[in-house]
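A quick write-up on the structure given underneath.
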Amino acid sequence: MNGAQALIRTLVGSGVDVCFSNPGTSEMHFVAALNAVPQMRGVLCLFEGAATGAADGYGRMAGRPAAALLHLGPGLANGLANLHNARRARTPLLAVVGDHATYHKRYDAPLESDVDALAGSVSAWVRRSARGADVAADAAEAVAAAAAPPGGIATLILPADVSWSEGGEPVPALPLRAPAPVPGDVITSVAGSLSRGEHCVILLGGAAVRRPGLEAASRVARATGARLLCETFPARLERGAGIPAVDRLAYLGELAAAQLGDARHLILAGARAPVSFFAYPGQPSSLVPDDCRVSVLAEPGDDVPGALTSLADLVAPDTKPLPREPERPRPPDGDGGLTGESAAAVIGALLPEGAIVSDEANTSGLRLPGATAGAPPHDWLTLTGGAIGQGLPLATGAAVACPGRKVIALEADGSAMYTISALWTHAREGLDITTIIFNNRSYAILGMELGRVGATASGDAARNLLDLSRPDLDFVALATGMGVPADRARTAGELAAQLRQALAEPGPRLIEALVAPFS
Ligand SMILES: Cc1ncc(C[n+]2csc(CCOP(=O)(O)OP(=O)(O)O)c2C)c(N)n1
Ligand SMILES: [Mg+2]
């Protein structure tokens, strides 16, 4: 057995059985080995950012890593932005990066580059396999490292001759590490400060924003008067009717400051102390109010839901969580103009139970959280690392991970274009993904940021860099050109009819929603 076969057999034995791939010459033995190990599903992605984003979506939903197969340094570099988002999401993810044969590297062939340095920028674990006989053990360690709480990127660099040399032997999976329990004295100390009557905010992140964590946090909040907030960009937020609701900390620093304003004590449960997304002249970077104490109930790698449950059992033994009431907006009437607001009402009215939403709607999505809060239970995946071009690939991975569930990609036009080729994979794999493109023909948020950073906004030269017209992008043509059936909606009624149809049928479909910026 060669190294590549031993590697893939070890991955499958360790629970990694999907590989989002964009291969090259140095990965040909890996590709060939897929024939020998049919349990590994190879999914072709036409750009590395589409592969890494898909592996992120898969890991967020499956709770175990998928592999992304990338071609040397340039392939890894193309995939880095979505690996960055995956790192921020703390997604378990295995990057397998092919490299030149060990003896070929010193010739500095054209594709030679510093793969290790690129990998180091996003990975929790990096290893370069040295021999065909070692690669299986390296792979088992890589999977365990990716899955180690709270989850991270493990990168295995795979020289071509390590793949092709004989003497490979699969190894069994390594035991997975459980999240660390939070010591009892930490929980009693937080419980003590909650009973002191100061204004407390509990900031939830990571595993805390799944149902068990939210239910425990809701009990604590009801019993003690503490307010709940969650991270601005959660990796996977469970929400909807029957689940305790939590507001996300606002993206804009001044709104976040208002949310946190009267807090005297900030308790972190799986989240980091909040900071402003960017620096603005004269504005603070830290969003923690000056006279606010910060304590850590649980680090992201701890058993965060367990810590919240122990805390609830101490301070709220007889209190039940407060579930969100079911509530849906009325779908706007047929001829009403399409705006971000009316589109959100349509989506809130129709969102199906168990949907997985990949949200990269950006400024067109400002009304979505409110309009969908009382919809049937669903998962909401957000842009954890702020690197746009995540949404369509993330939907790919979520759909592969959860074949029985409808995936809805809510996608801004500018962001969609970074990784638009993900649509082809939606079609190729027959994935059950409905994509709504909010086409506002602009980088609308940057128009707002131009003013907020204090830059002078007047002048066509600057506006030219934020405007996506001339020519207008035609997403119906782009989608159908990649095998995804598509429609265009100009009114709320058209959007409602097209979305109803898309939700009624399995398979990929795209709706281009024409909206004005900030509408
Ligand atoms: C990888 C990456 N490149 C560039 C940016 C800078 N950036 C932030 S928002 C944005 C434009 C977003 O436009 P669009 O997706 O259409 O959303 P809209 O603001 O119009 O709602 C850009 C280019 C980024 N965040 N990430
Ligand atoms: Mg836009």
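Note: hydrogens, waters and symmetry copies are ignored here, and every other heavy atom, side chains too, is used. Read the numbers this way: they start at 1 and go in the same order the structure lists the ligands and their atoms. Remember, it's a predicted structure, so these values are computed and weren't measured experimentally.
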Part of F438 within contact of ligand 1 (heavy atoms, under 4.0 Å):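 It is neither part, as no heavy atom is under 4.0 Å.
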
Angular separation of OD1 (N440) and O (S442) seen from the Mg ion (ligand 2), to 10°: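 The two atoms form an angle at the metal of about 90°.
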
What protein heavy atom sits nearest [atom], and how far off is it?
| atom | answer |
| --- | --- |
| atom 10 (C) of ligand 1 | I388 CD1, 3.6 Å |
| atom 8 (C) of ligand 1 | L446 CD2, 4.0 Å |
| atom 23 (C) of ligand 1 | Y418 OH, 3.4 Å |
| atom 15 (O) of ligand 1 | S415 OG, 2.7 Å |
| atom 21 (O) of ligand 1 | T363 OG1, 2.5 Å |
| atom 13 (O) of ligand 1 | Y443 CD2, 3.3 Å |
| atom 25 (N) of ligand 1 | G386 O, 2.9 Å |
| atom 19 (O) of ligand 1 | I445 N, 2.8 Å |

Does this structure show an ion pair linking [X] with [Y], if we count only N-O contacts that are shorter than 4.0 Å?
| X | Y | value |
| --- | --- | --- |
| R64 | D17 | yes |
| R441 | D413 | no |
| D474 | R488 | yes |
| R88 | E231 | no |
| E429 | R41 | yes |

Metal proximity, S415 vs the Mg ion (ligand 2), N/O/S cut-off 2.8 Å: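 So S415 does not count as coordinating the Mg ion (ligand 2).
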
N362 backbone or side-chain N/O/S under 2.8 Å from the Mg ion (ligand 2):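 No, outside the cut-off.
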
Near [X], which atoms of ligand 1 are under 4.0 Å from a heavy atom of that residue?
| X | answer |
| --- | --- |
| N440 | 18 (P), 20 (O), 21 (O) |
| G414 | 14 (P), 15 (O), 16 (O) |
| A412 | 14 (P), 15 (O), 16 (O), 17 (O) |

Of the N, O or S atoms in D413, the one nearest the Mg ion (ligand 2):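 When I compare the N, O and S atoms of D413, OD1 is nearest to the Mg ion (ligand 2).
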
Any side-chain to backbone donor/acceptor pair from [X] onto [Y]? Under 3.5 Å, distance only.
| X | Y | result |
| --- | --- | --- |
| E48 | S21 | no |
| S519 | V515 | no |
| E411 | I436 | no |

S442 and D467: side chain donor to acceptor below 3.5 Å: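 Absent: no donor and acceptor within the cut-off.
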
Side chain proximity check, T363 to M448, heavy atoms < 4.5 angstrom: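 Result no, sub-4.5 Å side-chain heavy-atom pair not found.
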
Exceeds 12 heavy-atom contacts within 6.0 angstrom, atom CZ of R367: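 No, the 6.0 Å shell around CZ holds no more than 12 heavy atoms from other groups.
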
Protein heavy atom under 4.0 Å of atom 6 (C) of ligand 1: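 Under the 4.0 Å cut-off, atom 6 (C) of ligand 1 has no protein heavy-atom neighbours at all.
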
Sub-4.0 Å heavy-atom approach of S442 to ligand 1: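 For ligand 1, residue contact (heavy atoms, under 4.0 Å) with S442 is present.
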
Centroid-centroid distance, F475 to F438, less than 6.0 Å: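 Centroid separation for F475 and F438: 6.0 Å or greater.
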
N or O contact, A444 vs ligand 1, cut-off under 3.5 Å: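 Yes, since at least one N or O of A444 sits under 3.5 Å from an N or O of ligand 1.
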
